[in-house]
Amino acid sequence: MDNKQRIIDKITRCLALSKSSNENEAATALRQAHAMMAKYDITMGDIELSDIKQKHSESRLARRPPIHLAALGNMIARIFGCSVYIDTDIENRKSMYCFVGLDMHVEIASYAYDSLFRQLKQARLNYMKVELNRVRLAKNKAARADAFCLGWVSTVKRLIENIAPLDTDFDLIERYMNNELQLVSLSPANRVKNSKARSSTNDYFNGKIAGQNAQLHHAMHNEANKSLQIGIC
């Protein structure tokens, strides 16, 4: 934690105490908060933005990811109350999704993405080995596998979209991203659209069927401490 964040945390605690029913305590806390804000040039906007965190997924990604992974990342971000962008470590030559939002939300989103990414990757490998083993042209095989993955993601979306959306201030997240990040817009690689491979429609529906086997288990740090589970029994 950097020094500015420590100061913001102190100010936040003082502001919380300023709502005390004890008038003297409340007044003292408010004066302290205002004094620190003036001394360190910290605004209420800075304090609001301090609630927004970033969390990287553990799954490596192409700088321009295939369309099914873009669909998966964006779906997870939306459902779990986050925004998402691709962060590239130039020195180590690796890219990954980074989720932006409230602390609990980004933890859940990054976990959900990594868990579903692993399942999708394995489902894709199995499909290529069994159903696409006779496809000789590499680009056609990749395009058909991508179509399968799009179907898989569409089913997973249907399975988890009944989860109540997390209460999120997307305007605050957008303000954070505009202030803290310099992002460049890149469209995902769409091998399905650009391919002349046959049977892509069947591949998509095969993916929809395979997606019914998706599973996601994670302890949600909410008041009930319930587990989030998706899947068809």
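We use all heavy atoms of the structure for the numbers below, so side chains are in, but hydrogens, waters and symmetry mates are not.
- To the nearest 0.5 angstrom, Arg60 atom CZ is 9.0 Å from Asp89 atom CG.
- Shortest non-hydrogen contact noted between Lys53 and Val106 is O-CG1, 3.7 Å.
- Contact annotation: the side chain of Leu30 never approaches that of Cys14 to less than 4.5 Å [non-hydrogen atoms, C-beta and beyond].
- Residues Thr155 and Gln212 approach most closely at CG2-N, 3.7 Å, considering heavy atoms.
- Residues Lys10 and Ile7 form no side-chain contact, since every pair of their non-hydrogen atoms from C-beta on lies 4.5 Å or further apart.
- Here the CG-NZ distance, from Leu116 to Lys157, works out to 14.0 Å after rounding to the nearest 0.5 Å.
- In the model, Asp203 has a side-chain atom that pairs as donor or acceptor with a side-chain atom of Tyr127 under 3.5 Å.
- Under the salt bridge (Lys or Arg N to Asp or Glu O under 4.0 Å) criterion, the residue pairs touching residues 169-182 are Glu48-Arg175, with sequence neighbours excluded.
- Looking only at side-chain heavy atoms (C-beta outward), Ser50 and Gln5 come within less than 4.5 Å of each other.
- The two residues Trp152 and Ala214 make their nearest non-hydrogen contact at CZ2-CB, 3.9 Å.
- Looking only at atom types and distance, the side chain of Gln119 has a donor-acceptor partner in the side chain of Ser115 under 3.5 Å away.
- Judged purely by distance below 3.5 Å, without hydrogens or angles, the side chains of Thr12 and Asp9 never pair a donor atom with an acceptor atom.
- Between Ser59 and Met96 the shortest side-chain heavy-atom distance does not fall below 4.5 Å.
- Note that CZ of Phe99 and CD1 of Ile76 are 6.5 Å apart. Values are rounded to the nearest 0.5 Å.
- Heavy atoms only, all atoms of each residue included: Val153 and Leu120 are closest at CG2-CD2, 4.0 Å.
- Ring centroid separation for the pair Tyr85 and Tyr97 does not come in under the 6.0 Å cut-off.
- A donor and an acceptor atom, one from each side chain of Ser95 and Arg63, are nowhere located under 3.5 Å apart.
- What you find for Thr43 and Met37 is that their closest heavy atoms are C-CE, 3.9 Å.
- Within the structure, salt bridge (Lys or Arg N to Asp or Glu O under 4.0 Å) pairs that include any residue of residues 117-130 comprise Arg124-Asp146 (at least two apart or interchain).
- Residue pairs satisfying the salt bridge (Lys or Arg N to Asp or Glu O under 4.0 Å) criterion with at least one member in residues 17-41, sequence neighbours excluded, are absent.
- The nearest pair of heavy atoms linking Gly151 to Ser154 is O-OG, 2.7 Å.
- Side-chain polar atoms of Glu58 and Tyr113 form no donor-acceptor pair below 3.5 angstrom.
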